[in-house]
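Down below is the structure, laid out as structure tokens.
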Amino acid sequence: MKLATWNVNSLKVRLPQVLDWLAANPVEALCLQELKLSNENFPLDAFTEIGYQAHWAGQKTYNGVAVISRTACTDVQRNLPAYEDHQQRIIATTLDSAIGDIRVISAYCPNGQSVGSDKYEYKLAWFKALHVWLQDELKRYPRLAILGDYNVAPKDEDVHDPSKWVGDVLVSEPERAAFNALLDLGFTDAFREFEQDEKSFTWWDYRRFAFRRNAGLRIDHVLLSKELKPYCAACVIDKAPRSNEQPSDHTPVIATLDFGTAPSLVS
DNA sequence: ATGGCAGAGTTTCTCTGA
């Protein structure tokens, strides 16, 4: 089965592109971020018409996340428990699979705006709350995949020109430490489990022809728990939608889980 | 040092994103 994530930067504007993408890429589940629409404006019919189900946590103007899935989801949960947050950044659902339940989480981590700002402090606090929740969630759902826009480029190799970004928001040491703390829970950055092209990115600024220059960042990630990692057969970035007319500034990341593969890598 | 693009709402400007 394939799981994907895409920050669409307005589902209203990007809906035709998302439908086209699903037709060409019939993944089991697609996690969306930055819906930028309220719950009542979610285009459910457009997804059901092409054979998908949807669960979402919307919000007027900003944020908003969803899981679009081929089959029914259960145990839907919105937002981080034990963390008061008016911003809709998390939706968790459970999917059935050949090896049993898989917990799939769509996450839109805060941007942070600039190092030292109030939004930066919120970002770090939010990551701490995410860490606490995932620790708990892993006990209930050992087969856990968390996909989304983390707004963190984990290493310098994930930055087009690291010298220009030193200490900046998205690459600062505390943000990378917050990301690494998630890995310390046993998660794996699926993309880095496979050989990849140098300068592989998931986001490119709309300005200054950044996509054409490949001046991007890798900030959208698929994290797989220890129990899921052995089944991961591939993880790729699909750059094609970034070339669309009126594109999102992010592009999808897709992980393939192959349950026919014996989990020989379990240690 | 700054703005540059894009989307949404408070709309002909402001806020946010990354």
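In what follows, chains carry the letters A, B, and so on, assigned in the order in which the sequence lines appear, proteins first and then strands, with residues in each chain numbered from 1. In this text the structure is predicted, and so the values were computed from the model without any measurement.
- One C1' atom belongs to B:dG7, the other to B:dA18, and the distance between them is 14 Å to the nearest Å.
- For the pair A:Asn63 CG and B:dC15 P, the interatomic distance rounds to 17 Å; values are reported in whole Å.
- The residue from A:Leu224, A:Ile254, A:Leu3 that alone fulfils the side-chain contact (heavy atoms from CB on, under 4.5 Å) condition with A:Leu147 is A:Leu3.
- Using a 4.5 Å cut-off on side-chain heavy atoms (C-beta onward), A:Pro162 and A:Val171 make no contact.
- Contacts of A:Asp168 with the nucleic acid, taken as non-hydrogen atoms under 4.0 Å apart, are absent.
- Between A:Gln246 and A:Trp203, the one whose closest nucleotide on DNA chain B sits nearer the 5' end is A:Gln246.
- The distance from atom NE2 of A:His250 to atom P of B:dG7 is 13 Å, rounded to the nearest whole Å.
- The CG atom of A:Asn7 sits 17 Å away from the P atom of B:dT16 (whole-angstrom rounding).
- Contact annotation for A:Asn151: backbone-only contact, meaning every heavy-atom pair under 4.0 Å involves sugar-phosphate atoms and none involves a base.
- Counting any heavy atom pair closer than 4.0 Å across all strands shown, A:Leu37 reaches no nucleic acid atom.
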What pairs of nitrogen or oxygen atoms, one from the protein and one from nucleotides 8-13 of chain B, lie under 3.5 Å apart?
unit_1: B:dA8; atom_1: OP1; unit_2: A:Ser10; atom_2: OG; d: 2.5

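- The aromatic rings of A:Tyr150 and A:Phe127 are tilted relative to each other, their planes meeting at an angle between 30° and 60°.
- Between A:Glu34 atom CD and B:dA18 atom C1' the separation is 9 Å, expressed in whole Å.
- A:Lys123 and A:Asn111 share no donor-acceptor pair across their side chains, judged by distance under 3.5 Å alone.
- With rounding to whole Å, A:Glu175 atom CD is found 12 Å from B:dA18 atom P.
- Distance, A:Tyr206 OH to B:dT16 P: 18 Å, rounded to whole Å.
- Rounded to whole Å, the separation between the C1' atoms of B:dG4 and B:dG17 comes to 14 Å.
- When only modelled atom types and interatomic distance are considered, A:Asp197 and A:Ser200 share no side-chain donor-acceptor pair under 3.5 Å.
- Interface remark: the A:Asp205 side chain does not form any donor-acceptor pair with the B:dA18 base, using a distance-only criterion of under 3.5 Å.
- Applying the 4.5 Å side-chain rule to ILVMFWY residues, one finds A:Phe201, A:Trp204 in the same cluster as A:Phe211.
- Nucleotide B:dA18 holds its C1' atom 10 Å from the CD atom of A:Gln113, rounded to whole Å.
- Within the 4.0 angstrom heavy-atom criterion, no nucleotide atom of any strand lies near A:Phe201.
- Taking a 4.0 Å limit (strictly below) on heavy-atom distances, residues 207-215 of chain A reaches DNA chain B at A:Arg207, A:Arg208.
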**OP:** Any chance you could lay out the side-chain hydrogen bond (donor to acceptor under 3.5 Å, both in side chains) test for A:Asp149 and A:Gln33, step after step, and finish with the verdict?
**Re:** CA-CA 7 Å; A:Asp149 176 1; A:Gln33 300 89 37; over 6 Å; no

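- Between the CG atom of A:Leu32 and the C1' atom of B:dG7 there is a distance of 17 Å, rounded to whole Å.
- Looking only at atom types and distance, the side chain of A:Asn63 has no donor-acceptor partner in the side chain of A:Gln88 under 3.5 Å away.
- One distance of note links CG of A:Leu144 with CG of A:Leu228; it measures 7.5 Å at 0.5 Å rounding.
- Straight-line distance between the P atoms of B:dT10 and B:dA6: roughly 23 Å, to the nearest whole Å.
- Only the P atoms considered, B:dT16 is 16 Å distant from B:dG3, to the nearest whole Å.
- Ring geometry for A:Trp21 versus A:Trp6: interplanar angle of 30 to 60°, hence tilted.
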